[in-house]
Amino acid sequence: MVSAKIFALAAMASGVFAAPKCRPSPTVPVAGATSNLSSPPPNAVLKKIAIGHGLQNYTCASPSQPSAQAAGALAVLYDVTPLYPGKAHGLERADFDALPITTLYSQDLPLNMTQSGPNVYAANAGSPWIAPADLTLGERTIKFLGHHYFDIDSIPMFDLQAAGLKASVVRNDSVAAPLNADKGPMGTGAVAWLQLKDSGKGKSVGIDYVYRVITAGGNPVSCSTGASSFSIPYTTFYWFYKFY
Ligand SMILES: *[C@@H]1O[C@H](CO)[C@@H](O)[C@H](O)[C@H]1NC(C)=O
Ligand SMILES: *[C@@H]1O[C@H](CO)[C@@H](O)[C@H](O)[C@H]1NC(C)=O
Ligand SMILES: *[C@@H]1O[C@H](CO)[C@@H](O)[C@H](O)[C@H]1NC(C)=O
Ligand SMILES: *[C@@H]1O[C@H](CO)[C@@H](O)[C@H](O)[C@H]1NC(C)=O
(Lines give C-alpha, C1' and ligand atoms only; values in the text may rest on other atoms or scores of the structure.)
(Ligands and ions follow the chains in the order given, each with its own letter.)
Protein backbone atom coordinates (compact mmCIF):
# COMPACT_ATOMS: atom_id res chain seq x y z
CA MET A 1 0.00 0.00 0.00
CA VAL A 2 2.68 2.44 1.03
CA SER A 3 6.16 1.63 -0.07
CA ALA A 4 7.83 4.91 -0.89
CA LYS A 5 11.34 4.41 0.38
CA ILE A 6 12.19 8.05 0.26
CA PHE A 7 14.22 8.49 3.41
CA ALA A 8 17.96 8.21 3.47
CA LEU A 9 18.87 6.13 6.47
CA ALA A 10 22.58 6.81 6.50
CA ALA A 11 22.16 9.53 9.07
CA MET A 12 20.90 6.96 11.56
CA ALA A 13 24.23 5.21 11.66
CA SER A 14 26.05 8.30 12.82
CA GLY A 15 26.61 9.23 16.43
CA VAL A 16 25.61 5.82 17.72
CA PHE A 17 28.41 5.41 20.22
CA ALA A 18 28.73 9.09 21.01
CA ALA A 19 26.05 9.04 23.70
CA PRO A 20 27.31 9.41 27.28
CA LYS A 21 26.95 6.36 29.50
CA CYS A 22 24.89 8.04 32.19
CA ARG A 23 21.83 6.50 33.80
CA PRO A 24 18.97 7.43 31.46
CA SER A 25 15.71 8.71 32.84
CA PRO A 26 13.40 8.65 29.82
CA THR A 27 10.78 11.35 29.84
CA VAL A 28 7.62 10.97 27.84
CA PRO A 29 7.49 13.68 25.12
CA VAL A 30 5.15 16.64 25.53
CA ALA A 31 2.87 17.88 22.74
CA GLY A 32 3.17 21.40 24.04
CA ALA A 33 1.19 23.44 21.54
CA THR A 34 -2.05 24.06 23.37
CA SER A 35 -2.10 21.35 25.98
CA ASN A 36 -0.09 18.45 27.35
CA LEU A 37 -1.03 15.01 28.49
CA SER A 38 -0.53 14.66 32.23
CA SER A 39 2.81 13.17 33.23
CA PRO A 40 3.01 9.58 34.46
CA PRO A 41 2.37 9.36 38.21
CA PRO A 42 5.45 8.95 40.46
CA ASN A 43 4.78 5.22 40.95
CA ALA A 44 4.84 4.55 37.18
CA VAL A 45 7.90 2.67 35.92
CA LEU A 46 8.70 2.64 32.21
CA LYS A 47 8.74 -0.92 30.86
CA LYS A 48 9.06 -0.46 27.09
CA ILE A 49 9.10 2.10 24.31
CA ALA A 50 7.87 0.79 20.96
CA ILE A 51 7.42 1.99 17.43
CA GLY A 52 3.98 1.04 16.12
CA HIS A 53 3.54 0.76 12.33
CA GLY A 54 0.13 -0.05 10.94
CA LEU A 55 -3.32 1.20 10.05
CA GLN A 56 -6.04 3.31 11.60
CA ASN A 57 -9.43 2.10 10.34
CA TYR A 58 -12.48 4.29 9.80
CA THR A 59 -16.08 4.05 8.66
CA CYS A 60 -18.49 6.53 7.11
CA ALA A 61 -22.24 5.92 7.21
CA SER A 62 -22.78 8.42 4.40
CA PRO A 63 -20.76 10.88 2.31
CA SER A 64 -22.35 13.76 4.22
CA GLN A 65 -21.12 12.54 7.61
CA PRO A 66 -19.04 15.42 9.01
CA SER A 67 -16.09 13.22 9.89
CA ALA A 68 -15.23 9.55 9.70
CA GLN A 69 -15.80 7.32 12.71
CA ALA A 70 -12.74 5.55 14.17
CA ALA A 71 -13.11 1.80 13.74
CA GLY A 72 -10.07 0.22 15.31
CA ALA A 73 -6.45 -0.09 14.41
CA LEU A 74 -3.79 -2.67 13.92
CA ALA A 75 -0.05 -2.28 14.08
CA VAL A 76 3.16 -4.20 14.50
CA LEU A 77 5.29 -3.09 17.46
CA TYR A 78 9.10 -2.88 17.55
CA ASP A 79 11.23 -2.40 20.66
CA VAL A 80 13.18 0.87 20.61
CA THR A 81 13.83 0.96 24.39
CA PRO A 82 17.60 0.33 23.96
CA LEU A 83 17.84 3.22 21.49
CA TYR A 84 16.59 5.87 23.91
CA PRO A 85 19.02 8.80 24.06
CA GLY A 86 21.55 8.36 26.84
CA LYS A 87 21.40 4.55 26.92
CA ALA A 88 24.53 2.58 25.97
CA HIS A 89 23.23 2.09 22.42
CA GLY A 90 21.09 5.21 22.47
CA LEU A 91 20.56 7.46 19.48
CA GLU A 92 20.89 11.20 19.32
CA ARG A 93 17.61 12.80 20.39
CA ALA A 94 16.68 14.03 16.92
CA ASP A 95 17.33 10.61 15.35
CA PHE A 96 15.32 8.87 18.08
CA ASP A 97 12.37 11.23 17.72
CA ALA A 98 12.48 10.75 13.93
CA LEU A 99 12.10 6.95 14.18
CA PRO A 100 8.32 6.92 13.56
CA ILE A 101 8.65 9.11 10.45
CA THR A 102 11.69 7.18 9.22
CA THR A 103 9.74 3.94 9.62
CA LEU A 104 6.58 5.28 8.00
CA TYR A 105 8.37 6.36 4.83
CA SER A 106 11.06 3.71 4.50
CA GLN A 107 9.18 0.52 5.34
CA ASP A 108 6.39 -1.38 3.66
CA LEU A 109 3.31 -1.82 5.80
CA PRO A 110 4.14 -4.93 7.88
CA LEU A 111 0.69 -6.47 7.41
CA ASN A 112 -0.77 -9.00 5.00
CA MET A 113 -3.39 -6.94 3.25
CA THR A 114 -4.65 -9.81 1.11
CA GLN A 115 -6.52 -10.83 4.26
CA SER A 116 -9.63 -9.28 5.73
CA GLY A 117 -12.63 -10.33 7.72
CA PRO A 118 -14.06 -10.28 11.22
CA ASN A 119 -11.23 -12.23 12.82
CA VAL A 120 -8.45 -9.93 11.74
CA TYR A 121 -7.30 -9.47 15.33
CA ALA A 122 -6.75 -13.18 15.86
CA ALA A 123 -3.40 -14.69 15.01
CA ASN A 124 -4.91 -17.46 12.91
CA ALA A 125 -6.04 -18.11 9.35
CA GLY A 126 -7.60 -14.91 8.14
CA SER A 127 -5.24 -12.77 10.17
CA PRO A 128 -3.40 -9.76 8.77
CA TRP A 129 -0.23 -10.61 10.68
CA ILE A 130 2.85 -11.73 8.89
CA ALA A 131 5.51 -13.85 10.58
CA PRO A 132 7.22 -11.83 13.37
CA ALA A 133 10.21 -10.06 11.89
CA ASP A 134 12.62 -7.45 13.16
CA LEU A 135 12.66 -4.00 11.62
CA THR A 136 15.80 -3.06 9.72
CA LEU A 137 16.55 0.66 9.52
CA GLY A 138 19.85 1.26 7.80
CA GLU A 139 22.46 -0.74 9.73
CA ARG A 140 20.23 -1.02 12.75
CA THR A 141 18.03 -3.96 13.72
CA ILE A 142 15.03 -3.13 15.88
CA LYS A 143 13.52 -6.17 17.54
CA PHE A 144 9.97 -7.30 16.88
CA LEU A 145 7.98 -6.73 20.10
CA GLY A 146 4.37 -7.63 19.35
CA HIS A 147 1.01 -6.51 17.98
CA HIS A 148 -1.55 -3.81 18.60
CA TYR A 149 -5.16 -4.49 17.66
CA PHE A 150 -8.69 -4.07 18.91
CA ASP A 151 -10.00 -7.16 20.68
CA ILE A 152 -13.32 -8.93 20.18
CA ASP A 153 -14.98 -6.32 22.47
CA SER A 154 -13.39 -3.49 20.45
CA ILE A 155 -11.01 -2.67 23.30
CA PRO A 156 -7.48 -1.63 22.33
CA MET A 157 -4.98 -4.39 23.08
CA PHE A 158 -1.20 -4.35 23.01
CA ASP A 159 0.26 -7.85 23.01
CA LEU A 160 3.99 -7.44 23.61
CA GLN A 161 4.51 -11.14 23.00
CA ALA A 162 8.31 -10.93 22.80
CA ALA A 163 8.38 -9.47 26.33
CA GLY A 164 5.49 -11.42 27.88
CA LEU A 165 3.57 -8.18 28.53
CA LYS A 166 0.00 -7.18 27.61
CA ALA A 167 -2.06 -4.02 27.91
CA SER A 168 -5.82 -3.89 27.55
CA VAL A 169 -6.61 -0.19 27.74
CA VAL A 170 -9.17 2.56 27.49
CA ARG A 171 -8.55 6.18 26.62
CA ASN A 172 -8.02 8.51 29.57
CA ASP A 173 -6.91 11.66 27.82
CA SER A 174 -5.94 12.97 24.38
CA VAL A 175 -4.36 16.08 22.89
CA ALA A 176 -4.03 17.06 19.24
CA ALA A 177 -0.69 16.20 17.67
CA PRO A 178 1.62 19.22 17.36
CA LEU A 179 1.05 21.37 14.28
CA ASN A 180 4.39 20.28 12.81
CA ALA A 181 3.59 16.55 13.16
CA ASP A 182 4.00 14.52 9.98
CA LYS A 183 0.73 14.42 8.04
CA GLY A 184 1.43 10.93 6.70
CA PRO A 185 1.64 9.52 3.18
CA MET A 186 -1.98 10.48 2.50
CA GLY A 187 -1.54 14.02 3.83
CA THR A 188 -4.44 13.63 6.26
CA GLY A 189 -2.60 14.61 9.43
CA ALA A 190 -1.24 12.89 12.50
CA VAL A 191 -3.54 11.11 14.94
CA ALA A 192 -3.90 12.60 18.41
CA TRP A 193 -1.48 11.89 21.23
CA LEU A 194 -3.13 9.68 23.83
CA GLN A 195 -2.88 8.60 27.42
CA LEU A 196 -4.43 5.17 27.88
CA LYS A 197 -5.08 3.35 31.12
CA ASP A 198 -5.87 -0.24 32.05
CA SER A 199 -9.34 -1.29 30.92
CA GLY A 200 -10.10 -3.13 34.15
CA LYS A 201 -10.95 -6.24 32.12
CA GLY A 202 -8.20 -8.26 33.77
CA LYS A 203 -6.45 -8.80 30.45
CA SER A 204 -3.34 -6.69 31.09
CA VAL A 205 -0.10 -8.36 32.12
CA GLY A 206 2.68 -6.21 33.57
CA ILE A 207 1.43 -2.93 32.04
CA ASP A 208 -1.02 -0.41 33.50
CA TYR A 209 -0.56 2.68 31.45
CA VAL A 210 0.29 3.58 27.82
CA TYR A 211 1.11 6.78 25.97
CA ARG A 212 0.83 7.30 22.20
CA VAL A 213 3.18 10.16 21.24
CA ILE A 214 5.06 11.51 18.22
CA THR A 215 2.40 10.24 15.85
CA ALA A 216 2.75 10.42 12.06
CA GLY A 217 -0.21 10.03 9.72
CA GLY A 218 -3.32 8.03 10.54
CA ASN A 219 -6.01 10.72 10.39
CA PRO A 220 -9.00 9.96 8.14
CA VAL A 221 -9.87 11.27 4.73
CA SER A 222 -13.23 13.01 4.36
CA CYS A 223 -16.41 10.95 4.13
CA SER A 224 -17.19 12.90 0.97
CA THR A 225 -14.84 10.53 -0.87
CA GLY A 226 -17.76 8.08 -0.67
CA ALA A 227 -15.85 5.21 0.92
CA SER A 228 -17.81 3.43 3.67
CA SER A 229 -14.68 2.01 5.28
CA PHE A 230 -11.01 2.68 4.78
CA SER A 231 -7.61 2.45 6.44
CA ILE A 232 -4.90 5.07 6.82
CA PRO A 233 -1.23 4.17 7.46
CA TYR A 234 0.39 5.55 10.60
CA THR A 235 3.38 5.20 12.86
CA THR A 236 3.91 6.36 16.42
CA PHE A 237 5.75 5.70 19.65
CA TYR A 238 3.95 3.80 22.37
CA TRP A 239 5.34 4.15 25.91
CA PHE A 240 4.37 1.36 28.31
CA TYR A 241 4.34 1.80 32.09
CA LYS A 242 3.66 -0.36 35.14
CA PHE A 243 2.48 1.07 38.46
CA TYR A 244 4.34 -0.01 41.59
C1 LIG B 1 3.70 21.43 27.91
O2 LIG B 1 4.91 21.01 28.56
C3 LIG B 1 6.06 21.74 28.11
C4 LIG B 1 7.29 21.12 28.76
O5 LIG B 1 7.09 20.95 30.13
C6 LIG B 1 5.90 23.20 28.45
O7 LIG B 1 7.01 23.91 27.95
C8 LIG B 1 4.63 23.72 27.80
O9 LIG B 1 4.40 25.06 28.19
C10 LIG B 1 3.44 22.89 28.22
N11 LIG B 1 2.26 23.37 27.51
C12 LIG B 1 1.15 23.71 28.15
C13 LIG B 1 0.04 24.19 27.29
O14 LIG B 1 1.03 23.60 29.35
C1 LIG C 1 -8.72 -2.58 9.05
O2 LIG C 1 -8.83 -2.44 7.66
C3 LIG C 1 -8.10 -3.42 6.94
C4 LIG C 1 -8.22 -3.15 5.46
O5 LIG C 1 -7.81 -1.88 5.13
C6 LIG C 1 -8.67 -4.77 7.21
O7 LIG C 1 -7.88 -5.75 6.57
C8 LIG C 1 -8.69 -5.03 8.69
O9 LIG C 1 -9.47 -6.17 8.86
C10 LIG C 1 -9.31 -3.90 9.47
N11 LIG C 1 -9.05 -4.14 10.88
C12 LIG C 1 -9.95 -3.87 11.83
C13 LIG C 1 -9.53 -4.16 13.23
O14 LIG C 1 -11.03 -3.40 11.57
C1 LIG D 1 -1.06 -13.48 3.07
O2 LIG D 1 -2.30 -14.16 3.07
C3 LIG D 1 -2.46 -15.02 1.98
C4 LIG D 1 -3.88 -15.57 2.00
O5 LIG D 1 -4.12 -16.34 3.13
C6 LIG D 1 -1.43 -16.13 2.05
O7 LIG D 1 -1.56 -16.98 0.94
C8 LIG D 1 -0.03 -15.49 2.06
O9 LIG D 1 0.92 -16.50 2.26
C10 LIG D 1 0.08 -14.49 3.16
N11 LIG D 1 1.35 -13.79 3.03
C12 LIG D 1 2.18 -13.63 4.06
C13 LIG D 1 3.44 -12.88 3.78
O14 LIG D 1 1.94 -14.08 5.18
C1 LIG E 1 -6.52 11.14 33.22
O2 LIG E 1 -6.51 12.39 32.57
C3 LIG E 1 -6.74 13.49 33.44
C4 LIG E 1 -6.77 14.75 32.59
O5 LIG E 1 -7.79 14.64 31.67
C6 LIG E 1 -5.65 13.57 34.47
O7 LIG E 1 -5.92 14.60 35.38
C8 LIG E 1 -5.57 12.25 35.22
O9 LIG E 1 -4.47 12.27 36.09
C10 LIG E 1 -5.41 11.09 34.26
N11 LIG E 1 -5.46 9.82 34.94
C12 LIG E 1 -4.43 9.03 35.00
C13 LIG E 1 -4.65 7.71 35.66
O14 LIG E 1 -3.35 9.36 34.55
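We count ligands from 1, going down the list as the structure has it; atoms in each ligand are counted the same way. If you read the sequence from its start, that first residue is 1, and numbering goes on from there.
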min-distance protein heavy atom vs atom 7 (O) of ligand 4 -> Ser38 OG, 4.6 Å

Atom 4 (C) of ligand 4: closest protein heavy atom, distance to 0.1 Å, is Asp173 OD2, 3.5 Å

Heavy atoms of Asp108 and His53 approach each other most closely as O-CE1, 3.4 Å

**Asked** When you measure from the side chain of Gln65 to the backbone N and O of Ala61, does any donor-acceptor pair fall under 3.5 Å?
**Response** yes

Note to self: Protein heavy atoms near atom 11 (N) of ligand 4, is at least one of them under 4.0 angstrom away?
What the structure shows: yes

Salt bridge between Lys203 and Asp151, side-chain N to carboxylate O under 4.0 Å? yes

Numbered in order shown, the ligand 4 atoms found under 4.0 Å of a heavy atom of Asn172 are 1 (C), 2 (O), 3 (C), 8 (C), 10 (C), 11 (N), 12 (C), 14 (O)

In this structure, atom 13 (C) of ligand 4 is nearest to the protein heavy atom Tyr209 CE1, 3.9 Å

Under 4.0 Å from one or more heavy atoms of Gln195, ligand 4 contributes atoms 1 (C), 2 (O), 10 (C), 14 (O)

Do Asp208 and Lys242 meet the salt-bridge criterion of a basic N to acidic O distance under 4.0 Å? yes

Counting from 1 in the order shown, the ligand 1 atoms closer than 4.0 Å to a non-hydrogen atom of Ser35 are 13 (C)

Here the gap from Ile155 atom CD1 to Leu196 atom CG, rounded to the nearest 0.5 Å, amounts to 12.0 Å

message: With respect to Lys197, determine whether any N or O atom, backbone or side chain, lies less than 3.5 Å from an N or O atom of ligand 4.
response: no

Here the atoms of ligand 1 under 4.0 Å from any heavy atom belonging to Val30 are 2 (O), 3 (C), 4 (C)

**Study point:** Greater than 12 external heavy atoms within 6.0 Å of Arg171's CZ
**Key:** no

Rounded to the nearest 0.5 angstrom, the OH-CZ distance for Tyr209 and Phe243 is 5.5 Å

Closest to atom 1 (C) of ligand 1 by heavy-atom distance, out of Asn36, Thr27, Val175, Leu37, is Asn36

